[in-house]
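The structure appears below as structure tokens.
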Amino acid sequence: MSTNTHNQPQFRFGVFDVDVASRRLRKHGLNVRLQLQPFRVLVLMLAKPGELVTREELQRELWPGDTFVEFEQSLNAAVRRLRAVLGDTAEAPRYIETVPKQGYRFIAPVHVANDFPDAPPKKATRLALLDGAPVRDWRRFWPVGAFVGVLLAIAAALALRPAAEIGTVPAARIYTVETDQPPLNPSVSPDGQYIAYFSAEESASQLALYIRNLTEPKSRRIGVFPVPFPHQPVWSPDGRFVAAVLGPRTLFKVSVSGAEPTPVIQLTEPFGWRNKPVWNPRTNIFLSGLEVDEVNAKLVPVIAQPEGDNSDPCNDAAVVFGRNLFFCGDTLPGNLIRLIDDQSNEIRRFEFGSQPVFSPSGHLVYSSEESLWAVPLRGDTFEPEGAPVRIARDASDASFSNDGGLVFLESTGLRQQLVWKSRSGQELSTVGEPQWLITQPNLHPESGRILTRARQQTSDEWSLWLHDPALNLSTPIVIGHGGVDRPRWAPGGDQFTYSAHGEPHIQRIQSPAQKGSSFFKIHDGMAWIRDWCPSRDCLIFTRLARGNRDLWVMADPLKDSRSMNAYLETPQFETSPVISPDGKYVAYQARRFDQFGVYVNTFPVPTREVLVVNSGAHPIWRSDGKEIFYVEDGRFMMGLPVNTDSQFEVTGPAVRLFEHKGLGNSRSQEYDVSPDGQRFLVVKTLNEPKNVIRVVQNWLGLLQ
């Protein structure tokens, strides 16, 4: 074959097209860098799809003057670069098959420019079939009729649609997958035919796993499991299995064919809610930077967490350009996404966000401030190319099929209101006006003023709001800062603290009467203030420590001579500390024996840890120290009588006061209590929030 590129055809395969005359390779219409020799190897194979291209033929056409050794090295390097750009592997080829000692064969369907079909071939993936007219206002789009009817209508539209011009980026088309159950954490299969997702059962700690074939109108329930922290299920590269941690300690494989879930490995530590398994194209399963050895039923470290790096373990992985990459992000707002290359163990930190995932187009897609963002990465250095672009609001849990189809979860139509409830759960009064999202209410016990973290429907950022019942006034007092979190009143009510995510790990102290604020760095790692000492001379906070949480104390927070010391450091998990009104004890949430419970310890030196209840979260003391309130199962308000006069003791059984959805999730407290313990400040959802699964065809159109 001559390598003259004049009058050469244009080829298309998968999500790629090749313009031989201009020597351009495009992916989803965007140019992809490819060196000359790998490009010429590709063109030779595309000219003979499905046929063997021998090593002798490649040498004769492309390396005629080289020695055998030089040719072998050059050809092997060219094929490696080509596979890396295509996202292909020799072990599980999608495009280039190696014929040992003979040559290579291009195994994917190839179309020549004048033979591009008007509609996808019969074997097109299900996400590819979800195509049709662009939806301008996609947030309000609902398919008309049953799901099967939508597919038929789309197929009819395809028959009349002209082929897209080579090199253009088609408009994004977005569809909704209707489910009978509210979906959580959807994940699309590599071929785009199936979606796996969880759905909450009546108990907050029970989740059902479902698999949905996109050609069918109903989902299939695999089973109900004790999954306290839902995470995305992940697919095997061949799409035959789903991997999921079902229960706190067991990694399972679930067959799409309907067989019973098969345990893969028992974990030595409970699996955290931020970390999900990843099944990369090399058929390995990864858990937080650990590779699963199924044969020997053990976890093998793949990357080393650097000394001094206290971030959570890595929770995503991908094989990109022939290299293992680990994306490490936290679902807590404000954390940095870290990218680790296992060949060099080099770390790059960029962008605030969580749930990082690598798209087939070379973009890093992640969640931040209730939105999905995308930023392109350079193929050689993985550095960001350009600014991040928002691709969806009120969205999370992105996943991609091999052909670039995007699936994510969207929350719609949420309106909330602060309300007061009695001990019996009777609604007494409302506070402020309804807002789009309200979280983390904090009541000042003397003035009655309330701090909340909230976001307006038209805003992209969280703000801190001050609600003053005496003036019947609600005002945003801290706007933006790239995200704000966990407001806490200081005793006396003249100041408060909060976390500013735009400045990582920075805490601010501010007066409600002043626009400015002073700030300080509470710790080099991730940390969050949880409570003030009654005397105002210290703060107690939760510190992230290599995937766990410890309790630390800062002395003299209002002075320049601040000092920080560990209060409780264990291999376990401690969070949500609150100091008793007399300053003698700390109540906190901790994980012991694989279960979260409420504990009390002496303060300022921990000498005697007492288990208060063996389940529960987010404790709060009554102002006289005679009762501890806590949340059970995320929705039950509990009261426990206690005494701190001589030493701490529980004086009676816990009492269930009332039920209210959303009293506290795994990361934040969503209620507060009046000083006398008779009224409870909670966030009420005014309408039934709805999670929907969105399917996007030609998602790169969202970047335009």
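Keep in mind that what you see is a predicted model, and the values were worked out from it rather than measured.
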Distance, nearest 0.5 Å, that separates CG of L46 from CZ of F39: 8.5 Å
Short side-chain to backbone donor-acceptor contact, R390 and W373, under 3.5 Å: no
Side chain to side chain contact (heavy atoms under 4.5 Å, CB included) against S187, all qualifying residues, sequence neighbours excluded: Q232, P233, W235, S399
Interatomic distance, D17 atom CG to L25 atom CG [nearest 0.5 angstrom]: 7.5 Å
Step-by-step side-chain contact (heavy atoms from CB on, under 4.5 Å) determination, V79 to T98: CA-CA 10 Å; V79 173; T98 299; 5.7 Å; no
Residue pair R12, V18: steps toward the side-chain contact (heavy atoms from CB on, under 4.5 Å) verdict: CA-CA 6 Å; R12 175 174 291 173; V18 177; over 6 Å; no
Distance in Å, M45 CE paired with E97 CD, rounded so as to fall on 0.5 Å steps: 11.5 Å
Taking every non-hydrogen atom, the tightest pair across V696 and A172: CG1-CB, 4.2 Å
Donor-acceptor contact present, side-chain R23 to main-chain R40, <3.5 Å: no
Residues E410, T176; criterion side-chain contact (heavy atoms from CB on, under 4.5 Å); working and verdict: CA-CA 10 Å; E410 183 190 64; T176 300; over 6 Å; no
Rounded distance [0.5 Å steps], CD in Q697 versus CG in L406: 10.5 Å
Residues that F241 engages under ring-ring contact (aromatic ring centres under 6.0 Å, His included), provided they are two or more places apart: none
Set of side chain to side chain donor-acceptor pair (under 3.5 Å) partners for Y210, sequence neighbours left out: none
Sidechain-backbone polar pair: S199 side chain, P182 backbone, donor-acceptor under 3.5 Å: yes
Partner residues of S359 under the side chain to side chain donor-acceptor pair (under 3.5 Å) criterion, sequence neighbours left out: S361
Set of residues satisfying ring-ring contact (aromatic ring centres under 6.0 Å, His included) with respect to F106, sequence neighbours excluded: F13
Residues forming a salt bridge (charged side-chain N to carboxylate O under 4.0 Å, His left out) with R94, sequence neighbours excluded: none
Spacing of Y197 atom OH and T179 atom OG1 [to the nearest 0.5 Å]: 5.0 Å
Pairing residues for P38 by the side chain to side chain contact (heavy atoms under 4.5 Å, CB included) criterion, not counting sequence neighbours: L34, Q35, A78, R81, L82
Rounded distance (nearest 0.5 Å) linking atom CG of L372 with atom CD1 of I391: 5.0 Å
Parallel, tilted or perpendicular, as decided by the 30° and 60° cut-offs, for the rings of Y95 and F16: perpendicular
Expected output: side-chain D397 to main-chain L409 donor-acceptor under 3.5 Å: no
Check: I174 main-chain N/O paired with R694 side-chain donor or acceptor under 3.5 Å: no
R24: partners by salt bridge (charged side-chain N to carboxylate O under 4.0 Å, His left out), with sequence neighbours left out: none
Heavy-atom pair of closest approach, residues A395 and S367: O-OG, 4.3 Å
